[in-house]
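Numbers here are sequence positions counted from 1.
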Amino acid sequence: MSQDKTDYRSTLNLPDTPFPMRGDLPKREPGWVQEWDEKGLYKRLRDARHGREKFILHDGPPYANGTLHAGHAVNKILKDMIVKARQLKGLDAHYVPGWDCHGLPIENQIEKLYGRNLSRDEMQAKGRAYATEQIAAQMKDFKRLGVLGEWDNPYKTMNFANEAGELRLFKRLIERGFVYRGLKPVYWCFDCGSALAEAEIEYQDKKSNTVDVAFEAAEPEKLAAAFGLPKLDKPAFVVIWTTTAWTIPANQALNMGPDIEYALVDTPKGLLVLAKARVEDSLKRFGLEGTVLATTTGDKLGGLNFKHPLYDVHEGYRRLAPVYLADYATDTDGTGIVHSSPAYGIEDFNSCVSHGLAHADILNPVQGGGSYADDFPLFGGMNIWKAVPEIVKTLDNAGRLLATSTITHSYPHCWRHKSPVIYRAASQWFVRMDDGEGVFTKDKAPESLRSTALRAIEDTAFYPPSGKARLRDMIAGRPDWVISRQRAWGVPIAFFLHKETDELHPRTLEILDQAADIIEQGGIEAWSRVTAEEILGDEDAQHYRKFNDILEVWFDSGSTFFHVLCGTHPNEHHTDGPEADMYLEGHDQHRGWFHSSLLLASAIRGRAPYRSLLTHGFTVDAQGRKMSKSLGNGIDLQEANKKWGAELLRLWTASSDYSGDIAGDDKIMARVIDTYRRIRNTLRFLLANTSDFDPAKDAVSASEMLEIDRWALARAAEFQREVLAHFEVYEFHPVVAKLALFSSEDLGGFYLDVLKDRLYTTAPGSLARRSAQTALWNLTHAMLRWMAPFLSFTAEEAWKLFGTSDSIFFEEFWKLPEPDTALLAKWARIRELREVVNKEIETLREQGQVGSSLQAKVTLTVPPEDHALLASLGDDLKFVFITSAIDLVAGSALQVSATASSSPKCERCWHYRDDVGADAAHPTLCGRCVSNLYGAGESRTVA
């Protein structure tokens with residue numbers, strides 16, 4: 001064949017792989033999801049790991065209402081990454097997705113669709129149907145994210161067995177002495193028409209009318225004596241300041257601090273009793289001048305009586321307000337005197353009851369819907385918020401209003417309706433935090449729930465560690481837990497109460513068992529249809545009424561460790577205990593699911609239901625604003641899947657530090673895309689250059705491998721140690737950052753760059769090429785496993801071309817040789833010197849003297865220790881530095897000189913060499929290409 005017709009490009013071992021450069025993720029991902037589903041991959045993974053050590057991540061159930069958003073995606077992806085990393089570690093890693101199905105949000109949706117006057121049976125039937133529909137839609141979106149789990153058998157709090165299990169846990173709570181009934185002020189939402197728990201409260205700004213109100217002394221002689229005066233020459237008044245004017249009509253007492261110094265101030269409006277420290281500010285607020293006549297301490301004023309400010313306006317207010325001494329009254333704001341409406345404040349309630357006020361005598365005119373009772377004097381039937389101006393006007397007309405203004409202050413709101421709530425005294429069922437008596441106690445717990453839960457926190461690992469103090473502080477300071485709700489769609493508190501005494505039926509524990517059995521067969525609807533006669537018999541039924549409250553929704557989700565891990569999914573727990581290895585949710589769940597789960601498990605088992613807690617932040621935009629529909633800054637999950645693909649959402653989640661808030665927008669996603677391309681391109685190179693490699697025939701032993709190939713595996717082993725250490729503590733963003741750097745610098749910028757000449761130009765089956773492929777084959781195995789937890793689709797796509805099993809998730813992290821520290825140190829220095837040379841060559845390139853580094857001829861002068869290091873590379877030094885020629889000179893200091901080579905360029909390998917054309921038969925080839933093609937092949941020892 002004549003020379004000019006020889007195609008030397010065809011003689012190169014050019015990379016070849018069907019693995020595409022573009023992922024085309026939005027179009028291709030649904031196919032992988034469908035394949036995983038059809039093949040039952042999760043079940044097969046469980047079978048493959050059967051008998052191994054288990055890892056249980058118990059799912060915090062999302063609420064079965066509404067479309068999913070970026071926050072849902074982050075949560076589910078993070079769980080999936082952790083489970084997959086544990087699976088690749090070799091554990092039997094379980095993940096059963098769950099849903100929270102009962103509660104008010106669904107009731108609200110049903111009322112919007114069908115009206116507010118549905119029967120209990122209708123509400124329950126429609127609630128179950130609605131939740132079922134919502135779960136189906138959400139499940140589809142969760143699976144689309146590449147999340148593996150027991151999707152064909154998720155847990156739902158509305159499953160009959162779970163509803164029954166929850167009621168059985170409630171019974172156990174009673175037996176342990178933690179449940180009692182009490183009248184207490186609890187958070188009450190008028191929109192919910194129900195009590196709320198602490199976890200259902202959020203604080204927002206609210207505008208309120210402040211009022212300074214005067215209470216006339218009913219015993220002026222005693223008041224004079226308390227101040228050391230013989231008599232009072234004017235009418236005297238105690239003045240209170242409050243931001244809740246609507247509570248004034250229900251006032252029943254006044255509170256003063258026993259150690260506070262109070263002043264009797266002479267003003268044109270009469271003698272006013274004020275905390276001495278508040279006199280100046282108060283008079284300024286009243287627009288009055290005044291003189292202090294005398295002072296005394298609060299303990300001298302205890303027991304004195306004052307008239308209700310509307311005493312002379314309507315006979316319904318002709319009552320007295322006694323002074324009770326209370327430490328919560330301070331002189332740091334207001335007037336130093338607190339008015340007390342015991343139905344509408346915890347401290348007020350405790351103070352009045354401790355001073356002898358009977359529960360039956362507590363005034364509670366505000367109804368569940370937010371209005372005063374129709375027969376309430378002056379303001380009957382009025383909504384309390386709308387009544388405030390009328391109350392202020394009535395107080396002013398009565399001469400009892402000294403000042404009023406409007407302030408904006410932080411105020412508790414319902415987190416569902418975003419509407420202001422009040423404290424309202426209501427007879428509710430509580431879980432007791434501290435020592436006390438419960439109903440029907442059989443085997444009382446040895447210590448209080450608070451102390452048990454606090455001890456359990458000490459035995460729990462927290463990621464990040466700051467979560468520990470947050471949960472501990474919440475448990476340490478929380479009040480008793482109100483668990484009853486006045487709603488229909490939820491697990492019933494299956495009690496019967498005596499119609500006259502309101503006492504529980506003596507067979508209550510037995511009835512709870514009976515109710516649980518009925519619910520297990522037919523759901524909560526079956527219990528709703530049960531009559532008192534069927535449970536109690538005709539005789540007892542005449543005297544008892546069926547209780548219709550339900551257990552609150554945090555009780556539902558908090559009890560899942562009991563009726564899911566050990567009930568409906570009994571395989572999902574350890575043989576040495578029922579605790580999950582991890583609960584994982586947003587950091588707001590310190591007051592929610594983490595909290596309720598801890599209390600219930602501590603109450604019945606004396607320990608937490610989890611061994612570790614992991615919390616993540618909220619999804620925010622680039623400005624740090626929480627993503628929301630109202631701001632229009634959210635990432636719609638379905639749109640994101642269409643635009644970027646779930647894989648990039650997974651990488652976004654993995655690359656974010658979840659311990660804080662997680663920012664996302666188009667610019668941030670552009671950086672994520674860049675990272676993805678870098679990793680994918682590296683992976684593609686690995687696959688393309690091992691496509692003709694059969695490890696059974698072609699693998700090279702470690703002792704025969706070239707030194708740089710052994711270095712590559714040592715570096716991979718060193719890197720894998722870092723990766724697995726991060727995975728062990730559930731860190732992903734350092735892995736993503738390091739993997740991108742490893743791909744671009746260790747591999748793309750160095751090793752693979754050096755390797756191309758050897759891979760492409762040496763004989764296909766030569767030791768030099770097979771050594772390189774052996775390293776690349778091991779690197780590919782390792783890399784696919786590193787990325788599989790977060791780049792699940794890409795790893796699976798590559799595994800189809802590279803691996804032997806059905807899925808990358810059947811594999812375990814690749815076993816690499818122990819890193820050779822001396823070899824790593826040697827090559828770290830070589831790379832430093834290479835960087836110095838590269839900078840010099842880059843200068844030539846910028847000046848237009850060379851096109852590529854192969855065109856440069858380098859003289860490198862190095863001190864003795866570096867000379868010995870580089871000399872050990874022999875003739876392969878030029879391949880490491882990717883130059884056609886390099887002269888190594890021993891000297892006293894590092895110096896680099898680079899010039900353009902005057903040698904001809906080899907048509908095949910592109911090196912500039914003096915021996916190009918030495919073989920007349922191949923005038924455009926260098927000697928080594930001739931040898932590699934037609935001779936024994938060149939000898940490589942290092943690179």
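With H781 as reference, W799 is the one residue of F693, F813, W799 to meet the ring pair (Phe, Tyr, Trp, His ring centres under 6.0 Å) rule. Here the options are V147, D80, I82, the test is side chain to side chain contact (heavy atoms under 4.5 Å, CB included), and the partner is Y95; only V147 passes. Checking each of R678, R671, R677 against D674 for a salt bridge (charged side-chain N to carboxylate O under 4.0 Å, His left out) leaves exactly one that passes, namely R678. Of the candidates R52, R785, K89, R52 is the only one forming a salt bridge (charged side-chain N to carboxylate O under 4.0 Å, His left out) with E812. When the options N689, D698, D692 are evaluated for a side chain to side chain donor-acceptor pair (under 3.5 Å) with R769, the one that passes is D692. Checking each of M705, R831, K826 against W711 for a side chain to side chain contact (heavy atoms under 4.5 Å, CB included) leaves exactly one that passes, namely R831.
Counting all heavy atoms, side chain and backbone alike, I808 lies closest to A788 at CG1-CB, 4.1 Å. Considering every non-hydrogen atom in both I882 and V754, the closest pair reads CD1-N, 4.1 Å. Of all heavy-atom pairs between L713 and A775, the closest is CD2-O, 3.7 Å. When every heavy atom of T675 is checked against every heavy atom of A740, the shortest pair comes out as CG2-CB, 3.9 Å.
Counting heavy-atom neighbours within 6.0 Å of W910 CH2, excluding the residue itself, gives a total of 12 or less. Under a cut-off of 6.0 angstrom, the local environment of CD in E832 is crowded, with over 12 non-hydrogen atoms contributed by other residues, nucleotides or ligands. Sparse packing is recorded around NZ of K857, with 12 or fewer heavy atoms of other residues, nucleotides or ligands lying under 6.0 Å away. Within a 6.0 Å sphere centred on CG of D887, heavy atoms belonging to other residues, nucleotides or ligands number more than 12. Residue K800 places its NZ atom among more than 12 non-hydrogen atoms of other residues, nucleotides or ligands, all under 6.0 Å distant. No more than 12 heavy atoms of other residues, nucleotides or ligands shown are found within 6.0 angstrom of NZ on K43.
Judged purely by distance below 3.5 Å, without hydrogens or angles, the side chains of Q855 and S852 never pair a donor atom with an acceptor atom. If you check the side chains of S807 and E796, you find a donor sitting under 3.5 Å from an acceptor. In this model, a donor atom of one side chain and an acceptor atom of the other lie less than 3.5 Å apart for K738 and H726. Judged purely by distance below 3.5 Å, without hydrogens or angles, the side chains of R908 and T11 pair a donor atom with an acceptor atom. Side-chain contact of H733 with Y658: a donor-acceptor pair under 3.5 Å is absent, judged by distance alone.
W786 and F742 have perpendicular rings, their planes meeting at more than 60° on a 0 to 90° scale where under 30° would count as parallel.
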Stepwise side-chain hydrogen bond (donor to acceptor under 3.5 Å, both in side chains) check, R940 with T762: CA-CA 10 Å; R940 296 282 190 105; T762 60; over 6 Å; no
side-chain hydrogen bond (donor to acceptor under 3.5 Å, both in side chains) between E647 and T794, intermediate numbers included: CA-CA 8 Å; E647 191 80 321; T794 305; 2.7 Å; yes
Derivation and outcome, side-chain hydrogen bond (donor to acceptor under 3.5 Å, both in side chains), residues D709 and Y751: CA-CA 8 Å; D709 299 330; Y751 180 60; 2.6 Å; yes
Worked check of side-chain hydrogen bond (donor to acceptor under 3.5 Å, both in side chains) between T861 and Q895: CA-CA 5 Å; T861 304; Q895 282 186 308; 4.6 Å; no
Stepwise ring-ring contact (aromatic ring centres under 6.0 Å, His included) check, W36 with Y42: CA-CA 8 Å; W36 287 343; Y42 178 80; over 10 Å; no
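Within the cation-pi definition used here (under 6.0 Å to the ring centroid, within 45° of the axis), R680 qualifies as a partner of F19. F55 carries R86 over the face of its six-membered ring, with the cationic atom under 6.0 Å from the centre and within 45° of the normal.
Looking only at distances, no side-chain donor or acceptor of N932 sits under 3.5 Å from a matching main-chain atom of A763. Not a single donor-acceptor pair under 3.5 Å links the side chain of S931 to the backbone N or O of G927. Listed for the S901 side chain is a donor-acceptor partner under 3.5 Å among the backbone atoms of S903. Judged by distance alone, with hydrogens and angles left aside, the side-chain atoms of D820 form no donor-acceptor pair with the main-chain N or O of A714 at under 3.5 Å.
With salt bridges taken as basic N to acidic carboxylate O contacts below 4.0 Å, one links E718 and R715. K839 and E842 are not joined by a salt bridge, as no carboxylate oxygen comes within less than 4.0 angstrom of a charged side-chain nitrogen.
With values rounded to the nearest 0.5 angstrom, L791 atom CG is found 9.5 Å from L683 atom CG.
Residues F879 and H911 place their aromatic rings such that the two centres sit under 6.0 Å apart.
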